[in-house]
Amino acid sequence: MFDIDFTRVLSLLTYDPGSPMIFSSGIFLFLFLGFSLIYWALHKADTARIVFVTLFSYYFYYKSSGIYFMLLALVTISDYFIAKGIASLNNKAAASVKNAGTASAENAEATVEAKKSGGAKMLVALSLLIDLSLLGYFKYTNFFGSMMFADWKHLDIFLPVGVSFFTFQSLSYTIDVYRGNIKPLERLLDYAFYVSFFPQLVAGPIVRARDFIPQIRQRLIVTDTMFGNGIFFIIAGLFKKAVISDYISVNFVERVFDQPTLYSGIENLLAVYGYTLQIYCDFSGYSDMAIGIAMLLGFQFPKNFDNPYTSTSITEFWRRWHISLSSWLRDYLYISLGGNRHGKIRQYINLMLTMLLGGLWHGASLNFILWGGLHGLFLCLDKMWHAVCPALSPLTYMASKKNPNPKKNWAVLLTGGLITFHMAAACWVLFRASSFQIASEVFTQIFTQFHAGVLGQWVSSYWGVAFLMVLGYLLHFIPSSWFSHTRRAVTLLPLPIQAVLIVVVIWIVIQIKSSDVQPFIYFQF
């Protein structure tokens with residue numbers, strides 16, 4: 001009765017290096033439907049449910065990176081036992097100080113730090129060595145090899161999807177255990193669930209253990225509000241990624257960045273604006289879908305993007321862009337280097353080092369290092385300007401705990417917003433260009449071959465791209481209250497209407513998508 005091509009079915013279910021499984025693909029939507037049925041059938045059996053989700057997460061990663069799911073297992077097992085060892089040594093240090101009867105709490109804390117500095121530090125260093133060695137080999141071997149040896153022959157090294165994300169997430173766990181911020185998990189299964197949880201596994205957000213672990217074995221409840229919010233985030237993320245980002249990328253941005261000299265300066269500028277929107281819609285779209293899927297499964301993820309292009313300073317931009325990474329770099333790198341505790345000069349050095357390493361985290365090329373270095377320089381200049389001329393600094397008008405409702409200087413904020421947006425957009429050229437030569441050609445065309453009269457012809461030729469760019473920026477810059485009202489409205493809709501909305505978005509995706517599924521930009525990181 002049914003003519004099923006089992007060979008075709010098997011090929012869809014096995015790893016295809018040319019087509020990693022992503023949230024916007026048909027195979028994921030099909031598998032997630034079956035997954036959800038089993039997941040909710042196990043909603044009262046915690047351990048069975050955790051085992052099932054962990055196995056599905058490993059399969060999800062296998063569909064993204066093949067046999068390299070073993071790296072995920074290696075990081076998980078090593079950091080789990082290392083964290084257990086760190087906690088044991090810390091507890092022994094605390095117990096010995098207690099038995100010795102140290103005079104004051106302050107002296108006791110200092111003594112504990114001194115006692116645990118040996119073995120515990122060696123273990124946390126071992127965690128760093130294992131995780132960063134894996135990351136370094138797969139991501140940076142050819143880069144550093146070519147930097148050190150003129151005759152270096154590039155090795156054929158496969159870069160597993162999302163390796164930077166799950167190594168950083170696992171590292172935060174061992175470091176937090178060392179610092180005493182959290183207690184280690186008793187079950188390896190729970191830790192495997194935390195590290196591999198598929199919604200955030202391959203492209204973030206980087207979820208902290210202290211935020212996620214308490215949710216693992218809590219009673220599984222998805223309220224109507226959580227379900228509605230989950231549907232809204234999935235719809236919003238799918239529209240951002242598969243409609244706006246993919247369309248303007250395939251139909252305009254890629255063409256210009258492949259050969260900038262074939263296009264006028266204004267077309268190159270529009271391509272820069274297009275990529276600025278594309279990377280936001282691509283990455284925030286993935287984060288939205290990850291947050292939405294997690295909500296449907298009863299888990300809460302922190303916000304990862306907060307309208308970053310509305311920022312009025314580069315400092316504010318990094319509080320709104322890729323929040324999980326920027327906060328990770330702040331807490332585990334910048335503060336570890338000394339932060340702002342040792343004077344202004346040291347603070348600026350720490351900022352530069354943090355952003356340079358943040359740039360290197362994004363990619364193994366000088367383009368990314370320069371991108372990070374420029375952002376570090378802009379952050380330093382931002383703070384210098386605030387110190388020298390606070391009345392004309394946007395940082396003065398940012399809300400804080402001490403001054404939650406500062407009086408606004410709208411001229412300063414508008415100027416700061418325009419400067420910040422164009423700083424970020426200019427830096428994205430380095431992020432997108434395949435080489436310094438391509439980046440140089442983009443800027444050269446903009447400043448020497450502008451030809452503003454081409455704009456009308458561009459709009460008529462690329463009207464679909466122009467429409468989606470205008471729509472994308474309008475949606476980004478609308479007041480956050482409008483976004484909240486829309487989300488609440490979708491949440492209150494009956495389930496059949498929510499289902500219709502998803503079908504409509506999927507239909508739109510099918511109508512405008514290219515022949516190939518476009519992978520998420522951050523998969524390469």
Side-chain angles (χ1 to χ4, degrees), residues 121 124-125 127-129 131-133 135-136 139-140 143-144 147 163-176 178-179 181 203-208 279 283 302-306 308 311-387 393-395 398 400 420 423-424 426-428 430-431 522 524-525:
K121 274 190 176 178
V124 80
S127 174
L128 287 164
L129 178 64
D131 294 349
L132 296 183
S133 293
L135 184 60
K139 195 166 182 177
Y140 302 109
F143 173 68
F144 286 115
M147 293 286 288
V163 63
S164 299
F165 287 94
F166 68 74
T167 51
F168 268 34
Q169 182 159 308
S170 193
L171 272 177
S172 70
Y173 172 76
T174 54
I175 295 171
D176 278 347
Y178 171 77
R179 290 176 174 177
N181 295 331
I206 302 170
V207 182
R208 303 288 183 89
I279 192 170
F283 195 16
K303 180 188 291 186
N304 206 26
F305 288 86
D306 186 15
S311 303
T312 58
S313 68
I314 206 69
T315 299
E316 185 182 0
F317 175 83
W318 278 104
R319 293 178 184 176
R320 292 171 173 267
W321 177 271
H322 200 349
I323 298 169
S324 64
L325 174 64
S326 58
S327 62
W328 196 101
L329 293 172
R330 178 197 65 207
D331 294 344
Y332 300 106
L333 184 56
Y334 175 70
I335 290 176
S336 297
L337 290 170
N340 59 1
R341 300 190 300 273
H342 304 290
K344 290 292 183 183
I345 300 299
R346 179 68 179 274
Q347 180 187 14
Y348 299 148
I349 293 172
N350 292 339
L351 278 172
M352 285 298 300
L353 287 173
T354 299
M355 295 310 297
L356 284 169
L357 290 172
L360 186 62
W361 177 89
H362 281 86
S365 79
L366 292 175
N367 282 39
F368 291 108
I369 295 175
L370 180 57
W371 173 82
L374 284 173
H375 272 283
L377 176 62
F378 294 155
L379 285 168
C380 292
L381 293 174
D382 198 14
K383 296 185 185 304
M384 288 178 187
W385 177 251
H386 179 66
S393 168
L395 296 179
M398 289 177 60
S400 64
T420 300
M423 280 180 169
C427 288
W428 287 134
L430 292 168
F431 203 91
Y522 267 67
Q524 63 186 297
F525 308 133

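Every heavy atom of this structure was used, including side-chain atoms; hydrogens, water molecules and symmetry mates were not.
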Trp361-Tyr140 aromatic ring centre distance below 6.0 Å: no
query: Strictly by modelled atom types, are Trp371 and His362 linked by a side-chain donor-acceptor pair under 3.5 Å?
result: no
Would you mind reporting whether [Y] and [X] have side-chain heavy atoms less than 4.5 Å apart?
X	Y	result
Leu128	Leu171	yes
Glu316	Pro394	no
Asn340	Lys383	no
Ser313	Trp385	no

Exercise: identify the closest heavy-atom pair between [X] and [Y]:
X	Y	value
Pro308	Trp321	CG-CE3, 3.5 Å
Leu377	Met352	N-SD, 3.2 Å
Leu356	Ile369	CD2-O, 3.5 Å
Leu379	Met355	CD1-CG, 3.7 Å
His386	Ser393	ND1-OG, 3.1 Å
Gly359	Phe368	O-CB, 3.2 Å

- request: In sequence, state the C-alpha distance, the side-chain angles, and the governing distance for Leu132 and Thr167, and then conclude on side-chain contact (heavy atoms from CB on, under 4.5 Å).
  value: CA-CA 8 Å; Leu132 296 183; Thr167 51; 5.9 Å; no
message: Holding to side chain to side chain donor-acceptor pair (under 3.5 Å), I want the full list of residues that pass it with Asp176, two or more places apart in sequence or in another chain.
response: Asn181, Arg210, Tyr332
- prompt: Is the side chain of Arg320 donor-acceptor paired with the backbone N or O of Asp306 at a distance under 3.5 Å, no angle test?
  reply: yes
query: Looking only at atom types and distance, does a side-chain atom of Asn367 sit under 3.5 Å from a main-chain N or O of Leu430, one as donor and one as acceptor?
result: yes
Could you tell me the separation between the [atom1] atom of [X] and the [atom2] atom of [Y], rounded to the nearest 0.5 Å?
X	Y	atom1	atom2	value
Leu337	Leu353	CG	CG	6.0 Å
Ile314	Leu374	CD1	CG	10.0 Å
Leu366	Met147	CG	CE	5.0 Å
Leu381	Met423	CG	CE	7.0 Å
Asp131	Thr174	CG	OG1	6.5 Å
Leu135	Phe166	CG	CZ	9.0 Å

task: Quick one: do Asn350 and His342 satisfy side-chain contact (heavy atoms from CB on, under 4.5 Å)? Show the steps, please.
output: CA-CA 10 Å; Asn350 292 339; His342 304 290; 5.6 Å; no
query: Tell me, which pairs form a salt bridge (charged side-chain N to carboxylate O under 4.0 Å, His left out) where one or both residues lie in residues 322-346, sequence neighbours left out?
result: Arg208-Asp331
- prompt: Around Met384, counting heavy atoms of other residues, nucleotides and ligands shown, do more than 12 lie under 6.0 Å from its CE?
  reply: yes
query: Out of Ser172, Pro205, Pro302, which one pairs with Ser324 under the side-chain contact (heavy atoms from CB on, under 4.5 Å) rule?
result: Pro205
query: Angle class for the Trp328/Phe168 ring planes (parallel below 30°, perpendicular above 60°, tilted otherwise)?
result: parallel
